[in-house]
Amino acid sequence: MAEQKLYVYNTLSRKKELFEPLKPPFVGMYVCGPTVYGDAHLGHAKSYVSFDLILRYLRYLDYKVRYVQNITDVGHLVGDGDEGEDKLAKKARLEQTDPMQIAEKYTYTYFRDMDALNVLRPDIAPRATGHIPEQIAMIETLIDKGHAYNVDGNVYFDVKSDKDYGKLSGRSLEDAESGTRVETASDKKNPEDFALWKKAGDDHLMKWNSPWGMGYPGWHIECSAMSSKYLGESFDIHGGGLENQFPHHECEIAQSECAHGKQFVKYWLHNNMVTLEGQKMGKSLGNAISLDEFFTGNHKLLSRSWNPQVIRFFLLQSHYRSTTDFSEDALEAAETGLKNLHSMITTIEKAEAGTGSKFDIEKLKSSFDSALNDDFNSAQAIAVLFDQLKTLRKQISDGSSPANLEEVKVMLHSMIDDVLGIWPSESAGGNEELTSGLVELLIEIRKDARTNKDFVLSDKIRDDLKELGVQLMDGKDGTTFSID
RNA sequence: GGCGACAUGGCCGAGUGGCUAGGCAGAGGUCUGCAAAACCUCGUACGGCGGUUCGAAUCCGCCUGUCGCCUCCA
């Protein structure tokens, strides 16, 4: 079998590049996690489902991946620039509680919702407040190397000391200076300098002692400090939402490369946005629909609840670098499509190997792999499944089940369960035997009714079962059923 | 104003210099007591205008439109 190669789109070069880890078979991957001051919404789902697919595919390719995703529980401000209230502190004030309680609460709901979406947990989920010493140490290094300066308890990164500043986002300092939105005077040397450490006032809730007095870390330093702690000073993949490209990731690069004197990250991957009626969905825009609202249907824009797996499938049906425009119509189409895919899988799972001609596993695998090798094209991979499994199902229903069916099943598990994470879920009730026993009994009764041409009764059984989510299907060899 | 994306059939959504994406919806048919499911058949799309080419929806230019970043944000 010809070894295929993985190509990934690297924001640094704006090109697809051959993926070659720094120290194969190990891969270090860092993805910017959420700021935990509110429920995760569909936009978060797109990002974390995208990187979940990337993680799963890398593991499918036998890379030994260490996946780190931070939890930001301090430091991001509500207002413009460097002024304003800490988001967690604000939420704590509104909910009349402590910032750490807010962080705990929304860390819990974040993982709860990601679990529902079948997003694998990161190997390490470091919290910003748990790494204040590391951040302080990094800031000290930057000051020692002349890349940062302290002004009365505020420490800033001096962007002019970094000739590479702007290489990720493709913007130069000149561009920034000529822009109309660069704001005004402060104690910075250059308006583009960004805060590494901020002085805290007496009323500030979250603050720590430092060489520069009581304060709290700036917005970008946590990712630099924690990624190097757990993945080393250079690592393979850094991911995040497109909107973090600038300034967040640009600043991370500046801090890390100036502190360590070596390349920070080899491949930068950015997922695109979820839009709602053409507008970016975002917490601060007020148009976000939370995942919990999707799962419960409790939102004015939703007519009903949506299964987490449908959300995952819906997201995987578009490429991670494309925007995904949300609508209930599109979700509904995804739901039906997923149901049909599941029905194919179930048919295949229930079938036994026969004497029919062998199913071409190599072809399936190579077309599935080459879709994902092309910058993780999950939409294409799903199309491959629909296309080729249809042939297999036909072979089975024609009574010439392939001789190598068991191998096919193993392959399907690895592609649909391990990589895509959309395997049909086992019915949640748990009492499957009883349920199917009861349904079989009703089918028997209905069969008698049909023999007696009592269609009123037989239709009542079928219709009432459908109400309960059990679909009866009359076939040549008797009646079969499926449970939603 | 600066930087950067994207524009595909009714809808969602991949992709490629010439050969069917796929899904959903829809139409007809087979099957069925009627359904459902399954199976078969059907759509010849790629914003506009130029250019390169034997040939472009795919490459280049311009235009139009939409969106993102430049402020916390997945």
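By convention in this document, chain letters (A, B, ...) are assigned in the order of the sequence lines, proteins followed by strands, and residues within each chain are numbered from 1. Note: hydrogens, waters and symmetry copies are ignored here, and every other heavy atom, side chains too, is used.
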[N]: pairing nucleotide in any strand, Watson-Crick or G-U under 3.5 angstrom:
N: B:C19; value: none
N: B:G47; value: B:C63
N: B:C69; value: B:G2
N: B:G55; value: none
N: B:C34; value: none
N: B:A27; value: B:U41
N: B:G9; value: none

Would you say [N] has OP1 or OP2 under 4.0 Å from some side-chain N or O of [X]?
X: A:Asn377; N: B:A14; value: no
X: A:Lys280; N: B:A74; value: no
X: A:Ser318; N: B:C12; value: no
X: A:Lys390; N: B:G23; value: yes
X: A:Thr35; N: B:A74; value: yes
X: A:Arg393; N: B:C39; value: yes

Regarding [X], tell me which of base, sugar-phosphate or nothing describes its non-hydrogen contacts under 4.0 Å with the strands shown.
X: A:Tyr48; result: sugar-phosphate
X: A:Gln279; result: sugar-phosphate
X: A:Glu243; result: base
X: A:Asn272; result: base
X: A:Asn244; result: sugar-phosphate
X: A:His319; result: sugar-phosphate
X: A:Leu341; result: nothing
X: A:Val274; result: base
X: A:Gly43; result: base
X: A:Thr480; result: nothing
X: A:Asn271; result: base
X: A:Ser458; result: base
X: A:Asp474; result: base

Report yes if a donor N or O on one partner sits less than 3.5 Å from an acceptor N or O on the other, where the partners are the side chain of A:Arg14 and the base of B:G4; otherwise report no. no

Nearest-angstrom distance from the residue atom [atom1] of [X] to [atom2] of [N]:
X: A:Phe314; N: B:C24; atom1: CZ; atom2: P; value: 15 Å
X: A:Leu242; N: B:C70; atom1: CG; atom2: P; value: 11 Å
X: A:His238; N: B:A74; atom1: NE2; atom2: C1'; value: 12 Å
X: A:Asp325; N: B:U8; atom1: CG; atom2: C1'; value: 15 Å
X: A:Tyr110; N: B:C73; atom1: OH; atom2: C1'; value: 14 Å
X: A:Glu277; N: B:C12; atom1: CD; atom2: C1'; value: 16 Å
X: A:Arg450; N: B:A35; atom1: CZ; atom2: P; value: 13 Å
X: A:Leu276; N: B:C67; atom1: CG; atom2: C1'; value: 14 Å

Using a strict cut-off of less than 4.0 Å between a Lys/Arg side-chain nitrogen and an Asp/Glu carboxylate oxygen, indicate whether [X] and [Y] qualify as a salt bridge.
X: A:Glu222; Y: A:Arg127; value: no
X: A:Lys339; Y: A:Glu335; value: no
X: A:Asp39; Y: A:Lys283; value: no
X: A:Arg312; Y: A:Asp52; value: yes
X: A:Lys394; Y: A:Asp398; value: yes
X: A:Arg462; Y: A:Asp459; value: yes
X: A:Asp73; Y: A:Lys87; value: no
X: A:Asp158; Y: A:Lys188; value: no

Looking only at the side chain of [X] (C-beta and beyond, no hydrogens), which of the listed nucleotides [options] gets closest?
X: A:Pro247; options: B:G4, B:C70, B:A37; value: B:C70
X: A:Lys394; options: B:A38, B:A74, B:C39; value: B:C39
X: A:Arg446; options: B:A74, B:A38, B:C34; value: B:C34
X: A:Ala379; options: B:C73, B:G13, B:A37; value: B:G13
X: A:His41; options: B:A74, B:A35, B:A14; value: B:A74

Student check: side-chain heavy atoms of A:Asp325 and A:Val274 closer than 4.5 Å: no

Walking RNA chain B from its 5' end, the first of A:Asp329 and A:Asp459 to be reached, judged by nearest nucleotide, is A:Asp329

Judged by nearest nucleotide, the residue sitting upstream toward the 5' end of RNA chain B, A:Cys32 or A:Lys453, is A:Lys453

Side chain to side chain donor-acceptor pair (under 3.5 Å) between A:Ser290 and A:His41: does it pass, once the steps are laid out? CA-CA 4 Å; A:Ser290 80; A:His41 56 74; over 6 Å; no

Distance check, [atom1] atoms only: [N] and [M], in whole angstrom units.
N: B:G48; M: B:A56; atom1: C1'; value: 16 Å
N: B:U16; M: B:G22; atom1: C1'; value: 15 Å
N: B:G43; M: B:C11; atom1: C1'; value: 14 Å
N: B:G9; M: B:A45; atom1: P; value: 10 Å
N: B:G15; M: B:G26; atom1: C1'; value: 25 Å
N: B:A36; M: B:C31; atom1: C1'; value: 12 Å
N: B:C24; M: B:G17; atom1: C1'; value: 30 Å
N: B:C46; M: B:A21; atom1: C1'; value: 13 Å

For A:Phe386 and B:G23, say yes or no: do the ring centres fall under 5.5 Å of each other while the ring planes differ by less than 30°? no

